[in-house]
Amino acid sequence: KGTPKGQRSQPMASHSPVKMKNAICDTRRQSVIGCTLPTRLGKGRPVCPIIDVAVVYVVQKRYVRKPVEQERRSDGDRPQFWLGMFDLDHFKRVNDTWGHLYGDEVLLLTAQLMQGHFRENEYLFRFGGEEFVIILRAADQQQAHQAFDRFRTAIADHIFPQVGQVTVSIGVTRLDPGVFSATLLDHADKALYFAKEHGRNQLCFYEQLVDDGLIEESEIVSGEIELF
């Protein structure tokens, strides 16, 4: 990754020469423990500048658990949500070769491609540096794979000004409403790390990697947490 593992670079500065305000919005958000969660803004929804454990928890609580409980009561089916974490492959090379101005433009265009590619009821976040998080709903792993892989392909096919082709690696895990947010992010990060260590420009599911014996299963911590 462009940023050393375990470290997150700072969000894009608002004074950047690249005009980012249309793609990465800093208004009309709800504060969550010093973090931010975007409100539903329709087609103009923002990509949240930063996501952390508290933000994932709020998404779980407000937008995952309630639908799960409601649909269990109505027809017995359990809707599934998926958390995907991706970052730009060799992003440090982009900054070193073309400069941070073009690196910032790649981030901006990536955010715009996210907004245009995913549905209005899906949640898009920036994780810091060149990493992003997507939370979407899909009936099963196959549908989730199709949705995330379409996005991966769209990025690889896009020609970025001056830079040319940029690819992404994606790690995905099922968003279990009973598992701690930090554990879910760790699962997605492990799948992402595997994707980057084994060729990049690919999509890996944490659960599939565990089933195939390619990575060891992390300890699953579940239950409720107190935010206040």
Side-chain angles (χ1 to χ4, degrees), residues 1-27 29 35-36 38 41 43-52 55 82-120 122-136 147-172 185 188-189 191-204:
K1 302 178 186 180
T3 304
K5 189 166 180 65
Q7 299 180 17
R8 310 292 184 197
S9 59
Q10 295 301 311
M12 287 182 280
S14 60
H15 59 270
S16 168
V18 180
K19 296 180 180 179
M20 301 181 180
K21 63 182 179 181
N22 290 329
I24 300 183
C25 179
D26 59 3
T27 60
R29 290 189 240 109
C35 304
T36 50
L41 299 179
K43 293 184 179 179
R45 71 196 190 283
V47 175
C48 179
I50 283 294
I51 182 175
D52 75 353
V55 175
W82 304 83
L83 186 153
M85 180 184 296
F86 78 87
D87 81 357
L88 301 166
D89 296 327
H90 300 299
F91 186 67
K92 184 177 184 298
R93 184 184 301 170
V94 172
N95 281 331
D96 291 345
T97 303
W98 306 108
H100 289 273
L101 181 63
Y102 283 103
D104 285 350
E105 186 173 22
V106 168
L107 293 174
L108 167 64
L109 293 173
T110 299
Q112 291 176 338
L113 287 169
M114 288 172 67
Q115 289 175 309
H117 187 82
F118 290 99
R119 297 173 295 190
E120 295 178 13
E122 293 165 344
Y123 298 92
L124 317 176
F125 303 93
R126 181 143 180 236
F127 198 30
E130 66 273 18
E131 292 185 325
F132 296 84
V133 166
I134 300 161
I135 297 176
L136 60 80
F148 282 111
D149 205 51
R150 280 195 301 267
F151 174 67
R152 181 196 62 78
T153 301
I155 293 290
D157 290 344
H158 186 80
I159 303 301
F160 291 82
Q162 190 69 28
V163 175
Q165 186 188 45
V166 174
T167 62
V168 298
S169 298
I170 308 176
V172 183
L185 288 169
D189 188 62
L192 169 60
Y193 185 76
F194 185 92
K196 296 188 79 68
E197 288 294 301
H198 293 80
R200 295 183 170 85
N201 189 25
Q202 61 180 305
L203 167 65
C204 292

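From a predicted model like this one, the values you see are computed outputs, not experimental measurements.
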*Asks:* What verdict does the side-chain contact (heavy atoms from CB on, under 4.5 Å) test give for Glu130 and Val94, after you've listed the backbone C-alpha separation in whole Å, the side-chain angles of each residue and the deciding distance to 0.1 Å?
*Replies:* CA-CA 11 Å; Glu130 66 273 18; Val94 172; over 6 Å; no
*Asks:* For residues Ala156 and Asn201, report the shortest heavy-atom separation together with the two atoms involved.
*Replies:*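 For Ala156 and Asn201, the tightest heavy-atom pair comes out as CB-OD1, 4.2 Å.
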*Asks:* Search all heavy atoms of Gly129 against all heavy atoms of Arg126 and return the closest pair with its distance.
*Replies:*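 Heavy atoms only, the tightest pair is O-NH2, 2.7 Å.
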*Asks:* Go through the steps for Phe86 and Thr110 under the test side-chain contact (heavy atoms from CB on, under 4.5 Å), then give the verdict.
*Replies:* CA-CA 11 Å; Phe86 78 87; Thr110 299; 3.9 Å; yes
*Asks:* Roughly how far, to the nearest 0.5 Å, is CG of Leu88 from CD of Glu131?
*Replies:*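 The distance works out to 9.5 Å.
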*Asks:* Once rounded to the nearest 0.5 Å, what's the spacing between atom CG of Leu203 and atom CZ of Arg152?
*Replies:*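 Reported value, rounded in 0.5 Å steps: 7.5 Å.
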*Asks:* Applying the side-chain contact (heavy atoms from CB on, under 4.5 Å) test to Asp87, which of Asp189, Val168, Leu192 qualifies?
*Replies:*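 Of the listed options, the one satisfying the test is Leu192.
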*Asks:* Parallel, tilted or perpendicular, judged at 30° and 60°: which one describes the rings of Trp98 and Tyr102?
*Replies:*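 The arrangement is perpendicular - the two ring planes meet at more than 60°.
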*Asks:* Look only at the side chain of His117 and the backbone of Leu113, and say whether a donor-acceptor pair between them is shorter than 3.5 Å.
*Replies:*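 Side chain of His117 to backbone of Leu113: no pair is present.
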*Asks:* Nearest 0.5 Å please: distance from the CD1 atom of Ile170 over to the CG atom of Asp149.
*Replies:*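 The CG atom of Asp149 is 7.0 Å from CD1 of Ile170, to the nearest 0.5 Å.
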*Asks:* In Å, rounded to the nearest 0.5 Å, how long is the span from CD1 of Ile134 to CZ of Phe118?
*Replies:*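 Rounded to the nearest 0.5 Å, the CD1-CZ separation comes to 3.5 Å.
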*Asks:* So which heavy atom on Met114 is nearest to which on Val133, and how close?
*Replies:*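 Met114 and Val133 have their closest heavy atoms at CE-O, 4.4 Å.
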*Asks:* Does any non-hydrogen side-chain atom of Leu83 lie less than 4.5 Å from one of Tyr123?
*Replies:*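 They are not in contact (no side-chain heavy atoms under 4.5 Å apart), so the answer is no.
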*Asks:* What are the two closest heavy atoms between Gly171 and Ala191, and how far apart are they?
*Replies:*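 Smallest heavy-atom distance, with atoms named: CA-CB, 3.6 Å.
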*Asks:* Rounded to the nearest 0.5 Å, what separates atom CZ in Arg150 from atom CZ in Phe148?
*Replies:*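 Nearest 0.5 Å value for the CZ-CZ distance: 11.0 Å.
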*Asks:* Determine whether Glu105 and Gln162 satisfy the following criterion, side-chain contact (heavy atoms from CB on, under 4.5 Å), listing intermediate values before the conclusion.
*Replies:* CA-CA 10 Å; Glu105 186 173 22; Gln162 190 69 28; over 6 Å; no
*Asks:* Kindly assign one of parallel, tilted or perpendicular to the pair Phe160 and His158, based on the angle between their ring planes and the thresholds 30° and 60°.
*Replies:*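 Perpendicular.
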*Asks:* Enter the distance from Asp96:CG to His90:NE2 here, rounded to the nearest 0.5 Å.
*Replies:*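 Taking CG in Asp96 and NE2 in His90, the distance rounds to 12.5 Å.
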*Asks:* What residues form a side-chain hydrogen bond (donor to acceptor under 3.5 Å, both in side chains) with Asn95, not counting sequence neighbours?
*Replies:*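 Scan of Asn95 (side-chain hydrogen bond (donor to acceptor under 3.5 Å, both in side chains), adjacent residues dropped) gives none.
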